[in-house]
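Chain letters run A, B, ... following the sequence lines, proteins first, then strands; residues in each count from 1.
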There are 2 protein chains.
Amino acid sequence: MPKSRPPTIADVARHADVSIATVSRVLNGTTPVQADKADRVRLAMEELQFVPRHAARVLASKRTNTIGLLLPEISGDFFSPMLKGIEAAAHEAGYDLLVHSTQQVEAARRRLGEHNTDGLLIFTNSLAPSELHRLHSFNFPVVLLHQTPPESLDIPVIAIENKDGAAMLIDHLIKEHGRRHIVYLRGPEGHEDSVWRERGYREALEVHNIGFDSELIASGGFDDEEAFTAIQGLLAEGIDFDAVFAGDDDAAIGAMRALKMAGHRVPQEISVVGFDDVPFARYLSPALTTVRAPIEQVGREAVRQLTRLMNGEHAETLTLMRTELVIRESCGCLSSGTNGQEESTRR
Amino acid sequence: MPKSRPPTIADVARHADVSIATVSRVLNGTTPVQADKADRVRLAMEELQFVPRHAARVLASKRTNTIGLLLPEISGDFFSPMLKGIEAAAHEAGYDLLVHSTQQVEAARRRLGEHNTDGLLIFTNSLAPSELHRLHSFNFPVVLLHQTPPESLDIPVIAIENKDGAAMLIDHLIKEHGRRHIVYLRGPEGHEDSVWRERGYREALEVHNIGFDSELIASGGFDDEEAFTAIQGLLAEGIDFDAVFAGDDDAAIGAMRALKMAGHRVPQEISVVGFDDVPFARYLSPALTTVRAPIEQVGREAVRQLTRLMNGEHAETLTLMRTELVIRESCGCLSSGTNGQEESTRR
DNA sequence: GGAGTTGTTGAAAGCGTTTTCAGAAAGCGC
DNA sequence: GCGCTTTCTGAAAACGCTTTCAACAACTCC
């Protein structure tokens with residue numbers, strides 16, 4: 001009882017009557033140790049309530065066993081499932097997770113960059129390209145989420161199949177509901193997801209021999225309000241359309257509101273579809289037809305690729321996660337009771 | 001160019017022609033350093049792209065500058081804003097954030113417990129009481145979120161004003177809408193929030209001299225489906241009621257569905273109110289009247305109390321964050337356009 | 001002009017692990 | 001039995017910082 005300091009590996013060694021090297025070995029399982037000694041060590045650790053100092057291990061071994069997650073901001077329906085996937089996969093792989101919402105890159109770099117982390121997960125553009133270059137220049141493990149690297153640096157990317165998803169949606173509107181004048185509400189300027197969704201939109205039109213009409217493109221900003229305004233604008237201009245692909249679910253809400261307010265019936269007169277399948281999509285009335293992205297899987301996959309990199313293996317340059325059509329009511333498909341049952345098509 | 005190893009404090013010292021102690025001092029600002037030397041040091045750090053090894057600092061200083069967050073699972077509308085508050089406050093206070101969703105307590109303890117973290121934030125019951133005792137026994141800084149400590153250990157707690165919020169809601173239903181037979185759907189067994197909400201419910205009834213009727217209490221599990229079933233049950237039994245306090249917003253959705261399916265009009269015949277004000281509450285039809293909890297603030301406050309503890313100061317034993325009534329349509333108040341404008345009463 | 005002060009500095013002792021290295025013990029083939 | 005591996009083990013050297021300690025210089029005050 002005399003000493004009050006928390007036990008160190010040396011205390012354990014003394015207690016078990018072995019060297020500290022041996023204790024370290026049973027702790028890490030790096031080298032076989034005689035069974036009886038190993039047992040003594042384990043017992044001693046138990047009795048002394050020994051908890052190894054992480055910092056000391058890192059310093060000595062030069063491996064931090066930690067991965068850093070850098071994101072622009074914590075919010076929205078995207079964030080929670082993605083973090084869930086990342087957290088789970090990271091811990092399964094034996095890594096701890098350091099989370100940094102990037103405001104001051106400098107601070108983040110100091111703590112999350114090289115030396116202090118074994119690898120970095122970077123969501124959208126939360127890190128300056130120059131930093132990306134720097135890290136890449138000495139092969140620091142980095143994986144990008146929902147963002148392609150600048151200037152074709154070969155940094156692995158995980159993203160979702162925006163193009164396919166959008167094409168499925170548009171295809172459905174055309175084939176099942178005979179829509180031909182479909183509005184597309186773009187997301188924020190420079191948003192990669194938006195660009196790909198638009199590409200899917202165009203390709204689907206082409207497949208069905210429907211000409212692209214720039215009058216049908218407006219800016220929805222992936223945002224409720226902005227989409228609301230955009231649709232009001234289109235209506236005011238007297239543009240003729242029979243469906244709206246809102247870019248994402250938030251914008252779909254705004255679009256629906258604007259249409260209803262103007263006295264148009266959704267989906268009888270005009271179909272509205274979103275993208276993302278956020279939790280409340282099913283609770284809208286009419287329930288929203290949209291595309292579901294496997295966000296949690298994106299997180300897991302990102303960690304998987306990152307661990308590869310950290311192990312010196314080769315990682316996939318681009319991983320596109322499949323998206324899935326979620327058909328509800330807002331496209332014009334029939335509601336199946338108030339329960340909002342849904343049909344979904346894999347692709 | 002000869003050496004390829006990343007620069008250490010020694011390299012910086014050599015480069016700036018000072019001792020490593022001096023470099024350390026300008027790095028930490030612990031002791032004044034002559035201006036010209038300090039400049040040389042800063043210049044050297046810049047030129048060498050020096051990034052201090054976190055582990056070495058921790059080992060030498062015995063302060064990890066890291067706080068750990070332990071939670072049962074990452075999900076739901078609760079999580080995202082709370083983490084946002086925690087993350088922001090932690091970094092503002094100069095701490096890093098280690099996130100652990102607790103599956104195996106053992107692993108979590110090893111990495112998050114004493115020595116490896118300066119303090120711990122614990123959400124609901126993600127840590128065994130015995131561990132709590134252990135940590136408390138040597139004064140390890142811990143703050144609990146939405147959970148009161150076992151056996152009156154004096155561990156600081158941050159929670160929201162469930163009772164007041166519920167009482168405001170019930171009061172509103174009675175005073176503004178003349179409801180007198182109000183159902184309460186309990187949350188999961190043993191859920192503290194649920195217990196307090198029920199207490200608020202009862203007190204509000206009492207204030208208005210309405211007797212408590214146990215027939216009006218059912219189990220909603222804070223869950224869509226379970227609430228749906230519960231309301232169907234009440235209807236089947238022929239219980240008479242004119243309002244439902246669903247316990248939380250998820251349950252409110254289920255309750256509304258069940259009522260509509262049975263042909264009851266909400267809110268004309270029966271009012272429905274929730275709790276939490278999750279993002280989609282405003283998009284339901286009718287838009288949900290509920291109570292908003294300042295979740296992000298809870299996170300910030302938790303960090304604030306924890307930093308106090310870590311600085312050896314005294315922390316508030318119990319912090320109850322104010323809740324706020326959010327009146328929309330589902331209680332019977334008039335809709336103000338499709339826009340879902342809302343009125344809110346502070347308390 | 002001497003005795004305190006005050007301000008700044010470097011040397012060196014840790015901090016608690018992992019890992020290298022060489023040695024001891026044990027097993028093996030003949 | 002005698003060399004040779006193979007296993008296991010401990011001593012000791014890192015790992016890269018912070019912090020204590022003593023020293024030095026420059027002031028300040030009588």
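Between C/dT17 and A/Lys62, no contact under 4.0 Å exists linking OP1 or OP2 to a side-chain N or O. Look at A/Ser24 and you'll find a side-chain N or O under 4.0 angstrom from OP1 or OP2 of C/dT18. In terms of phosphate contacts, A/Ser61 brings no side-chain nitrogen or oxygen within less than 4.0 Å of OP1 or OP2 of C/dT18. Under 4.0 angstrom from either OP1 or OP2 of C/dG7 there lies no side-chain N or O belonging to B/Gln34.
Atom NZ of B/Lys37 and atom C1' of C/dT8 are 8 Å apart (whole Å). Atom NE2 of A/His54 and atom P of C/dT18 are 11 Å apart (whole Å). Atom CZ of B/Arg57 and atom C1' of D/dC15 are 16 Å apart (whole Å). To the nearest angstrom, C1' of D/dG16 lies 18 Å from CZ of A/Arg53. Atom pair B/Asp11:CG and D/dG16:P shows a separation of 9 Å (rounding to whole Å applied). The interatomic distance linking B/Met45 (CE) with D/dC17 (P) rounds to 11 Å, in whole Å. Taking atom CG of B/Asp39 as the reference point, atom C1' of C/dT8 lies 16 Å away to the nearest angstrom. The CD1-C1' distance, from B/Ile20 to C/dA11, rounds to 9 Å in whole Å.
Taking for each of A/Thr8 and B/Pro32 the nucleotide of DNA chain C with the nearest heavy atom, the 5'-most of the two is the partner of B/Pro32. Between A/Asn28 and B/Arg25, the residue anchored nearer the 5' end of DNA chain C, judged by the nucleotide with its closest heavy atom, is B/Arg25. Closest-nucleotide positions on DNA chain D for B/Leu59 and B/Thr30 were compared, and the one nearer the 5' end corresponds to B/Leu59.
By the 6.0 Å contact criterion, CD on B/Glu313 is enclosed, its count of non-hydrogen atoms from other residues, nucleotides or ligands being greater than 12.
A/Gln305 places a side-chain N or O within 3.5 Å of a backbone atom of A/Glu316 that can act as its donor or acceptor partner. Judged purely by atom type and a 3.5 angstrom limit, B/His54 uses its side chain to pair as donor or acceptor with the backbone of B/Thr64.
Nucleic acid contact class of B/Val33 (heavy atoms, under 4.0 Å, all strands): sugar-phosphate only.
Distances were taken from every side-chain heavy atom of A/Ile9 (C-beta onward) to each of C/dT9, C/dT18, D/dA11; the shortest belongs to C/dT18. Among C/dG10, C/dT18, D/dC17, the nucleotide with an atom closest to any side-chain atom of A/Leu27 is C/dT18. Listed nucleotides C/dA12, D/dG10, C/dT18 differ in distance to A/Ser19; the shortest reach to its side chain belongs to D/dG10.
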request  = Go through the steps for A/Arg304 and A/Glu301 under the test salt bridge (charged side-chain N to carboxylate O under 4.0 Å, His left out), then give the verdict.
outcome  = CA-CA 5 Å; A/Arg304 213 169 70 92; A/Glu301 189 58 27; 3.3 Å; yes
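Below 30°, between 30° and 60°, or above 60°: for B/Phe78 and B/His146 the angle between ring planes is above 60°, a perpendicular geometry.
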